[in-house]
Amino acid sequence: MIEVLPEFPKAYEPQGVEDAIYQKWLDSGYFTPENLPDFADRKEVFSIAMPPPNVTGTLHIGHATMLAIEDSMVRFARLSGKKALWVPGTDHAAIATQSKVEKMIFEAEAKTRHDLGRPEFLRRVNEFAQNSHDTIVNQCKKMGSSLDWSREAYTLDAERNKAVNVAFKQMFEDGLIYRGDRIVNWDPLMQTTVSDDELERKESKAPFYYLKYGPFVIGTARPETKFGDKYVVMHPADERYFAFEHGQKIELEWINGPITATVVKDEAADPEFGTGVMTITPWHDAVDFGIAERHGLDKEQIIDDNGKLLPVAGEFAGQPIKVARKGIIEKLTSKGLVDHIDEDYVHNIALNSRGGGIIEPQIKRQWFVGVNTEFAREGKMVTLKKLMQDAVRSKWVTIVPDRFEKTYFHWIDNLRDWNISRQLWFGHRVPVWYKGEEQIVGEVPDGDGWEQDSDTLDTWFSAGLWTFSTLGWPNKEAPDMMYHPTTVLETGYDILFFWVARMILMSTYLLGEVPFKTVYLHGLVRDEQGRKMSKSLGNIIDPLDMIGRYGADATRLSLIIGGTPGNDTRLSEEKIAGFRNFTNKLWNISRFVDMQTAGLRHVEVMPVAVTLADKWILGKFASVIEKVTQYHANYQLSLAGELLREFTWTDFADWYLEIAKVEKGKDEMLNYILERLLILWHPFMPFVTEEIYARFNNGMIMVAKWPMSVATDMAGHITSANGVAGRAVTASTKDEEMFEVLQNVIVAIRNIRAEYNLVPKQLVDVVVSDKSLLLYNDIIAALARVRYLTTGEKPEQVASAVVGGVEIHVSLEGLVDTAKEKTRIETELENTKKYVEMQTTKLDNADFVSRAPEKVIAGEKAKLAEAIDKAQKLEQQLASMK
RNA sequence: GGGCGGUUAGCUCAGUUGGUUAGAGCGUCACAUUGACAUUGUGAAGGUCGAUGGUUCGAGCCCAUUACCGCCCACCA
């Protein structure tokens, strides 16, 4: 069926067409690779697992960046003839989502999750998650994302739950998952543990108390933890305390009366810090816990799960920390135990980064993944840490930009066992069932009387399985597993530890292969002033808003062009508006070609280049195809976009189309180039290119063929395998140089015209020194507004210039300001002479001549010769001036 | 305390293994408005590439030192 298209509107209006185009793509089914008509012929596989957005709300500009980049990658792969798959999904984001919903419920109904009960609370969270999900899916579509919706997944659905249970079981059986009493990060506010990576440290100023502890002075910022302190620790090599022996008992007066303290010598005590002596609280401090473990010391809980003091605190029992601290200091002061107080002490306090409270370390029975635990793998003993390290060290996984490999290794080096159980309600239940002494792991037990572990798993546990749990795993025979390892993982660098590293852990452990071959890390999007976007600052740029105002293509371009991987980018509405202008430019280029050639149409075979301009543009275009293809292969999307913009706007529109208005018979050339140019643009701006392409009547651009790359032959001729049987583009170096001279001559004339403020209507006569330029009389006449172009005698009243060895005299009878001309030429001459001098010095340098490559020397010599020639001509011009 | 990044035109940024007189977009200035596009065209101005020293025939790029800004990591109680 041939669509009847309306007339070509003067301006591109994205708002009117984007939704329909997206629907057309959906209807085609091509987002699902198996539906591609030539699926079987497509040899290479390309796949991306989309980082699933959290179902905590709506997509922000960072998500939009992710979608723009990934969609460009997938569309490029699809156009390049690959089996291109991009899997969508959402993340239940256990802690973030639960925290958000709890907050909403409390604000609206003043109820906690305990008031509602587990089933009702989960019903509410799921309802919220569903709404967020729908919004997110809609936003992905608005961005033009070519996601395979038939494969959509959710980190908390039944299939993913199965994957989680199988993974858990295998790790448990290998001894990598264990349950133990360890010191963990407890958030009293949300009543759950959080992993080390979910802590956010905030600098804070607090009084630092120096307390008299028997013969010692100890320092603390947390006097409320000191009740149980009965060990006093110092470095074994600290000479000041040689009088005290390890294990020595000391009677001393403390907060609630006399106690017996034991001296412990341990290297964890820093002699440089404070007095070099400290007391320890193993239950509420990770370092202290370590010391206590090493020496087999008692551990006592001082603070309960709600952040209140326990009976050990005596009269302070039941008080919240903040209240108790004041009273304790008062009591210590009255007992004369406060030595002095440093009021300006700065330390870091740990917060739950997901909107929770101040972390209180506690000893708790939790589930852990042992990252240093050895297990057998192919006859060797390895650890999860080693698997993670090897994957990157061996370049099995490549990180772009590579500097993040260092960050990655550093993180692994400092990694401790991963606490995976949470006391949250929203999430995958820890797949362990208990009945009396019995325990079943990883599989739902038969029979009655089994109770499941009430905890849920860290959201990153299921997220770590994402690349393969979305492709049918744990069924290793699942046909979709052909898409694994995925080709590239594209995400923000801020998520390297949380997610990227854990995916590598899970995949190398469970599958024995990496989850992706390349990690492409994009930067954060900031506002014009480099600040993070946030609601409170009111500087948020909402992608949907921008799409509504400037179109999805412009929004996408603004997020792809002008940035580099791993570096933050600043975004402004002006930038997006600028790309809206470009979108319209491309539209109008097409509109012009449509009018000029009586309708856009597919041209299969590369047309014969008739004129110099034809040869030039085909040569240029061939090189653009080659470079853009290469940039895509190297994930240098910004460079690809900039090169395309330059070619499209400057070379094709400003030069070639202007020439096409003069040189007729370019219908094939124009259509041939435009069609392929649209394909090159399609990964970046899918909507407008699809809309224009409809007028070519050649199917959908989404499944068009990427123009073939080109090669340069020995003679410097650029040949194209561009679907053309044996026809080569013959833009020789000489042709290219000639065209450049032509361009320079035109610019020089325009320049002179501008200096004398000539309006376009006013034509000028021009005398040039090179008669071969007369061949291009029509072009020069039109583009530089010239009446007669000759090679005759230089007229009297002229303004002159020298470019590329050509002398140009623009006849300006009655207009020439001789003094001004003289100054202009003198300045030019002076600069040229300086340059000649510089080049001469360089070429007279024996070291340069003997050591620089010949090619460089030849180039420098040619430049010198041209400059000398130019200087001579300028001198003659000056001499002939009256 | 360790590590990483940034510093190039008024602003936002490129600059591919060191090789033209360092580029782009936006902004600025001048001129132009009936024939693809004013969401435009033409032309121009604007930078001693943070600083110092070194390597080299040659440095924005490599090395060392240093300044400022930003980020990440860290068990100084």
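Just so it is clear: chains get the letters A, B, ... in the order the sequence lines come, proteins before strands, and each one is counted from 1.
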If you apply the rule salt bridge (Lys or Arg N to Asp or Glu O under 4.0 Å), what do you find for A:Glu360 with A:Arg222, and how did you get there?
CA-CA 11 Å; A:Glu360 183 63 65; A:Arg222 300 202 56 192; 2.7 Å; yes

Looking at [X] and [Y], does any basic side-chain N land under 4.0 Å from a carboxylate oxygen?
{"X": "A:Glu828", "Y": "A:Lys833", "answer": "no"}
{"X": "A:Glu837", "Y": "A:Lys834", "answer": "no"}
{"X": "A:Arg695", "Y": "A:Asp594", "answer": "no"}
{"X": "A:Glu528", "Y": "A:Arg570", "answer": "no"}
{"X": "A:Arg549", "Y": "A:Glu573", "answer": "yes"}

When all nucleic acid strands are considered with a 4.0 Å heavy-atom cut-off, which category describes [X]: base, sugar-phosphate, or nothing?
{"X": "A:Arg645", "value": "sugar-phosphate"}
{"X": "A:Ala269", "value": "base"}
{"X": "A:Val747", "value": "sugar-phosphate"}
{"X": "A:Gly276", "value": "base"}
{"X": "A:Arg201", "value": "sugar-phosphate"}

Would you mind pulling out the nucleotide paired to [N], Watson-Crick or G-U wobble, both distances under 3.5 Å?
{"N": "B:rU66", "answer": "B:rG50"}
{"N": "B:rA59", "answer": "none"}
{"N": "B:rG35", "answer": "none"}
{"N": "B:rA24", "answer": "B:rU12"}
{"N": "B:rC29", "answer": "B:rG43"}
{"N": "B:rU17", "answer": "none"}
{"N": "B:rA74", "answer": "none"}

Side chain of [X] (C-beta onward), nearest among [options]:
{"X": "A:Arg416", "options": "B:rG5, B:rA24, B:rC75", "value": "B:rC75"}
{"X": "A:Lys406", "options": "B:rC4, B:rC75, B:rA44", "value": "B:rC4"}
{"X": "A:Asp270", "options": "B:rC76, B:rA24, B:rG5", "value": "B:rC76"}

Atom pair distance, as rounded to whole Å: [atom1] in [X] and [atom2] in [N]:
{"X": "A:Asp847", "N": "B:rA59", "atom1": "CG", "atom2": "P", "result": "13 Å"}
{"X": "A:Arg294", "N": "B:rC75", "atom1": "CZ", "atom2": "C1'", "result": "10 Å"}
{"X": "A:Asp527", "N": "B:rC11", "atom1": "CG", "atom2": "P", "result": "16 Å"}
{"X": "A:Lys575", "N": "B:rG25", "atom1": "NZ", "atom2": "P", "result": "14 Å"}
{"X": "A:Asn348", "N": "B:rC73", "atom1": "CG", "atom2": "C1'", "result": "11 Å"}
{"X": "A:Glu646", "N": "B:rA24", "atom1": "CD", "atom2": "P", "result": "8 Å"}

Map A:Asp196 and A:Thr275 onto RNA chain B by nearest heavy atom, then report which one ends up closer to the 5' terminus.
A:Asp196

Exam field: side chain [X] to backbone [Y], donor-acceptor pair closer than 3.5 Å:
{"X": "A:Asp417", "Y": "A:Val371", "value": "yes"}
{"X": "A:Gln596", "Y": "A:Asp667", "value": "no"}
{"X": "A:Thr832", "Y": "A:Ala867", "value": "no"}

Protein-proximity profile, nucleotides 33-41 of chain B, B/S/- by nucleotide at the 4.0 Å heavy-atom cutoff, equals ---BBSBSS

Between protein and nucleotides 14-20 of chain B, map the contacts as a letter string: B base, S sugar-phosphate only, - none, heavy atoms under 4.0 Å, written 5' to 3'.
S----BB

Less than 4.0 angstrom between a side-chain N/O of A:Arg570 and OP1 or OP2 of B:rC13, yes or no?
yes

Using only side-chain N and O atoms of A:Arg750, determine if any of them is under 4.0 Å from OP1 or OP2 of B:rG43.
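Yes, such a contact exists.
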
Expressed in whole Å, how much space separates the P atoms belonging to B:rG15 and B:rU56?
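Rounded to whole Å, the distance is 28 Å.
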
Mind checking the C1' distance from B:rC13 to B:rG3? Whole angstroms is fine.
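It comes out at 26 Å once rounded to the nearest Å.
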
